[in-house]
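Attaching a single structure in structure tokens format; questions to follow.
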Amino acid sequence: MAVAKQRIEKYEPASIEAKWQEEWVRSGLHDTPDDSDRPNFYFLTMFPYPSGDIHVGHWYAFAPPDAAARFMRMRGHNVLFPMGFDAFGINAENAAIDRKIHPAVWTEKNMAHMREQFRRMGTAIDWRREVITCYPEYYRWNQWMFLKLYEKGLAYRGEAAVNWCPRDETVLANEQVINGHCERCDTLVVKRQMTQWFYKITNYADELLKFEGLDWPERVRVLQTNWIGRSEGAEIAFPVEGSSGEEIRFFTTRPDTIYGATFMVLAPEHPLVATITTSAKRAEVDRYVEHARNMAEIERTSAEREKTGVDTGAFARNVFTGERIPIYVADYVLSTYGTGAIMAVPGHDERDFAFAKKYALEIREVVSPDGAEHARLDEPYIGEGVMVRSGPFTGTRSEVGKQAVAEEARKRGVGKPSVIYRLRDWLISRQRYWGTPIPIVHCETDGAVPVPYDQLPVELPRDVEITGRGGSPLARVASFVNTTCPKCGKPARRDTDTMDTFVDSSWYMYRYVDPKIDTAFMNKTVGRKWLPVQQYTGGVEHAILHLLYMRFMTKALRDLGELPFDEPVIRFRYQGTIVFKGRKMSKSRGNVQTPDDYVRRYGADTLRLFMMFMGPWVDGADWNASGIEGVHRFLWRVWELGLTEPGPASARDGDVDGAVHRTIKKVTADLGDYHFNTAVAAMMELANTLQHASGTSRSEGVATLILLLAPFAPHITEELWRRRGGAGSIHQQRWPVYDEAVAAPREVTIVVQVDGKVRDRIPMPAGLPDAEVQRKALASPRVQATLDGMKPAKVIVVADRIVSIVTK
RNA sequence: GCUGGCGUAGUCCAACGGCAGAGACAACUCCCCUAAGAGGAGUUCAGUGCGGGUUCGAAUCCCGCCGCCAGCACCA
């Protein structure tokens with residue numbers, strides 16, 4: 001029986017939302033104490049880069065986690081849900097170049113705008129703990145960590161081939177290289193040898209492969225595992241014929257194919273190229289090496305390109321076959337992987353096969369799938385098999401041969417089993433202004449000298465001309481560059497590079513616990529109460545870089561004695577990406593979809609709810625607001641339900657009570673799993689049910705619905721809570737609990753199938769014994785008619801669901 | 001090219017191996033007739049990309065193909 005329509009006040013989100021947002025700030029509702037009688041729970045969401053263009057993707061990233069954090073609060077936890085800004089970065093410099101605004105001014109303006117957006121979103125953030133990475137109080141600890149890592153040998157200066165944009169005259173981060181082109185000016189990026197600072201993340205390669213005890217999505221674990229790229233094999237050396245003891249060291253994952261190594265290949269950058277090349281071949285080799293060096297990285301590493309190379313004229317000796325084998329230079333061998341040299345086994349490697357075909361080199365079968373020797377190979381055989389033409393190893397399974405050959409190499413003193421990684425050390429230097437200055441002074445006498453701890457922070461000078469040209473802007477600031485050597489006191493120059501901004505975000509979660517502390521990067525007393533982070537959320541695009549760096553930094557700090565745990569984050573969940581008409585949103589594309597119009601028209605609660613309703617959060621979505629009406633109407637229905645007198649108290653309605661308890665169960669489970677869309681659907685379903693209910697069951701059901709909805713739509717629920725006479729804030733109430741006995745449906749419809757076809761649907765009390773269900777099903781006249789005297793061969797009863805009768 | 005993920009009404013999406021539909025958009029029909037929001041009630045709409053297999057029973061598990069998306073892309 002529906003309740004008669006009453007005259008109720010209009011639902012006006014604009015005024016309700018503004019009112020409560022102010023009130024929550026005034027009453028400090030979201031300020032989280034470090035100590036309470038509730039268990040602490042650290043819920044972290046990746047902080048944003050203050051880019052200035054707020055789009056619906058930001059809401060997607062922040063509104064659902066906010067709901068999840070609020071849920072944890074209602075479930076009785078003391079939840080730390082902080083926010084801050086990843087405030088250093090290249091965009092601020094670009095703004096300075098394009099619009100003549102100082103990066104600091106531009107960043108401040110954007111942060112102010114975004115704080116306002118977060119407020120309008122209705123987030124339950126404890127802003128007292130805000131962390132901003134571009135402030136000296138923050139980045140001094142980047143410098144402190146740098147010095148600590150340096151002392152420990154985990155930060156070092158070395159030469160590397162980096163991405164260089166010839167037009168902007170600066171190195172670029174990998175993520176600033178789009179398809180081999182500079183993100184800013186679209187110039188083709190080249191590799192350039194430069195001396196840079198690195199963090200020794202490779203020390204932790206094996207540990208970073210371990211995820212024990214972590215609740216992280218499979219996809220992220222796989223991405224990180226592939227990125228680290230562990231390969232087992234052997235490192236072996238072949239001597240160069242006729243040389244003064246020179247040898248070529250190489251790594252192989254297939255030592256079992258060593259008898260098939262009919263030539264060797266060096267990367268063009270390999271140091272031995274210069275020494276072993278015969279005079280007859282010198283000119284040709286030099287030309288090839290020079291050409292390779294000038295080639296763009298993207299072109300050079302393209303797998304589609306035809307293999308090229310030149311003969312050095314030199315020979316190595318395959319110590320296993322005893323044969324002389326030619327040494328080539330080819331750019332399909334990378335100087336940056338392994339030792340920059342390979343034994344080429346054309347019979348069992350596609351690349352070597354292609355190369356051998358082109359240069360008419362010998363292709364020999366040494367692993368046979370069937371154990372028989374074959375005269376010729378039309379294509380390389382990559383798989384495992386039986387070793388053939390392999391001297392004493394002939395007849396050995398290749399899987400076994402790998403280890404056996406590696407051991408044999410060790411015995412002969414020419415090699416050993418070995419493991420290598422694709423992961424490289426983390427290049428942290430940037431020839432940019434808007435970042436953390438590297439706390440190093442270069443002295444003619446003493447070399448690279450660390451800035452003493454008591455001189456930190458090395459502050460970023462404010463007055464800098466930013467042109468985007470001519471390398472590090474800091475190098476042109478005499479007052480910054482010129483200093484004295486901390487060791488000898490003589491005039492010296494500061495390092496003018498700044499740190500990769502991923503350094504900033506590699507430890508920020510430790511700053512939130514007490515961002516004001518100025519004696520350490522982290523307040524350890526407070527940190528002990530919160531860390532490690534219980535729940536982290538963010539975009540899957542950070543699956544490798546940020547999340548890997550963060551794990552590395554935690555392990556490094558642990559080894560410095562600064563942290564008592566191994567991993568920064570116990571549970572990680574990611575959201576998918578919001579695109580617009582199939583394309584990523586960006587200012588340059590001009591397709592940024594802003595939330596402002598929707599907030600104005602429907603309110604923040606509607607937009608929050610819509611973000612969660614669009615589909616599974618992990619999937620992301622193509623932005624299309626056409627469904628927003630539906631959630632808005634739902635909030636209207638809740639509003640009406642909340643403010644309508646339910647009519648006279650009446651006997652309980654067991655069906656309504658059951659629906660209420662089932663909804664509690666469903667929403668609780670779905671919210672815990674980040675299945676926001678189905679949780680919202682369940683609440684819509686309950687609202688539909690309650691509209692047709694009355695009396696006590698209805699009014700209690702409405703009260704429950706409002707509580708369940710509170711994390712999703714914090715403003716309307718707060719308003720309804722108070723109007724309905726609730727004490728305090730709804731957001732401080734306890735999450736509803738369900739009673740399984742009430743939630744269980746009392747009556748179920750049992751479907752009866754005969755040979756797979758539905759023949760009857762019989763209502764029965766839930767929980768009936770199988771035998772009884774079977775008896776009733778067989779007694780059905782329709783079933784009897786279908787059976788027509790036939791005897792069932794088999795009857796399957798699935799409790800409370802189905803009876804399947806098989807006759808044949 | 002390799003690896004992974006995904007293909008369900010016109011659309012977005014649900015569905016422990018058990019009646020394909022939870023919720024919503026759109027469309028259509030009717031109602032409400034201002035006091036009010038882009039109101040309410042209802043109807044229509046797919047047999048789950050294609051082909052096999054397993055099973056009493058498959059959207060769900062397995063195999064092959066097609067399409068889309070993402071990641072990696074000469075990693076020795």
Side-chain angles (χ1 to χ4, degrees), chain A residues 2 5 7-13 218-219 222-223 226-227 229-231 233 250-254 257 265 267 300-305 307 330-334 336-345 348-352 354-355 420-423 540-541 543-544 576-577 579 582 601-602 610 613-616 618-622 624-637 639-640 666 675 677-688 691 749-758 760-761 792-808:
Chain A
K5 272 254 165 161
R7 189 164 161 166
I8 58 163
E9 211 178 306
K10 243 177 113 172
Y11 168 44
E12 278 174 340
E218 169 78 9
R219 180 170 168 198
V222 166
L223 281 170
N226 292 344
W227 183 264
R230 185 179 200 272
S231 292
F250 59 88
F251 175 81
T252 177
T253 55
R254 293 296 302 270
T257 63
V265 185
R300 182 161 156 192
T301 57
S302 164
E304 269 101 73
R305 216 174 106 241
K307 305 259 173 297
D331 62 9
Y332 80 89
V333 172
L334 309 176
T336 47
Y337 189 76
T339 63
I342 60 162
M343 67 166 191
V345 184
H348 305 282
D349 181 279
E350 284 179 32
R351 298 150 297 176
D352 299 343
F355 194 83
I420 64 166
Y421 302 88
R422 203 182 77 115
L423 181 72
V540 70
E541 66 274 14
I544 296 172
T577 312
V579 297
R601 195 152 163 191
Y602 301 105
F610 180 58
F613 186 60
M614 288 192 297
V618 286
D619 287 354
D622 201 329
N624 173 6
S626 69
I628 199 168
E629 298 286 345
V631 289
H632 191 58
R633 281 183 202 136
F634 164 64
L635 287 182
W636 259 101
R637 286 205 296 282
W639 180 256
E640 287 184 340
K666 173 98 178 127
H675 296 154
N677 56 327
T678 48
V680 175
M683 290 187 287
M684 287 175 164
E685 190 182 2
L686 179 61
N688 294 345
Q691 277 187 311
T749 303
I750 301 291
V751 172
V752 186
Q753 292 183 344
V754 179
D755 292 332
K757 287 206 175 72
V758 177
D760 203 359
R761 295 164 220 274
K794 198 170 169 189
V795 180
I796 294 142
V797 179
V798 179
D800 290 347
R801 288 202 183 267
I802 201 165
V803 176
S804 185
I805 300 164
V806 190
T807 61
K808 45 203 182 264

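Not measured: the values here are computed from a predicted model. Note: hydrogens, waters and symmetry copies are ignored here, and every other heavy atom, side chains too, is used.
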>> Output the rounded distance in Å from CD (A/Glu629) to C1' (B/A24).
In response: 11 Å
>> I'd like the C1' distance from B/G57 over to B/G47, given in whole Å.
In response: 15 Å
>> Say we look at B/C45 and B/A22: how far apart would their P atoms be, to the nearest angstrom?
In response: 16 Å
>> Roughly how many Å apart are B/A59 and B/G49, using the P atom of each and rounding to a whole number?
In response: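 It comes out at 10 Å once rounded to the nearest Å.
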>> By nearest atom, which of the nucleotides B/G23, B/A76, B/G18 is closest to the A/Met684 side chain?
In response: B/G23
> Does one side chain, of A/Tyr11 or A/Glu640, offer a donor that lies under 3.5 Å from an acceptor on the other?
Replying inline: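 Result is no, nothing qualifies.
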> So do A/Tyr337 and A/Ile420 actually touch side chain to side chain, heavy atoms under 4.5 Å?
Replying inline: yes
>> For B/C13 and A/Thr678 - does any side-chain N or O of the residue sit under 4.0 Å from the phosphate oxygens OP1/OP2?
In response: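 Negative; the distance criterion is not met.
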> With distance as the sole criterion, is a donor-acceptor pair present between the side chains of A/Asn688 and A/Arg637 under 3.5 Å?
Replying inline: yes
> Of A/Val751 and A/Phe613, whose closest RNA chain B nucleotide lies nearer the 5' terminus?
Replying inline: A/Val751
> Is B/C12 paired to anything, Watson-Crick or G-U wobble with both distances less than 3.5 Å, and if yes, which nucleotide?
Replying inline: B/G23
> Donor-acceptor pair, A/Trp639 side chain versus A/Glu9 backbone, under 3.5 Å?
Replying inline: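 Yes: the side chain of A/Trp639 pairs with the backbone of A/Glu9.
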> In whole angstrom, what separates A/Tyr602's OH from B/G39's C1'?
Replying inline: 14 Å
> With respect to the phosphate group of B/C25, does any side-chain polar atom (N or O) of A/Arg633 fall under 4.0 Å of OP1 or OP2?
Replying inline: yes
> When the nearest nucleotide of RNA chain B is assigned to A/Arg637 and to A/Gly620 on a heavy-atom basis, which residue is associated with the more 5' position?
Replying inline: A/Gly620
>> Under a 3.5 Å cut-off for both contacts, is B/A36 paired Watson-Crick or G-U wobble with anything, and if yes, with which nucleotide?
In response: none
> Across all strands shown, which nucleotide pairs with B/G64 by Watson-Crick or G-U wobble geometry, both distances under 3.5 Å?
Replying inline: B/C50
> Who does B/A73 pair with, Watson-Crick or G-U, both distances under 3.5 Å?
Replying inline: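 No nucleotide pairs with B/A73.
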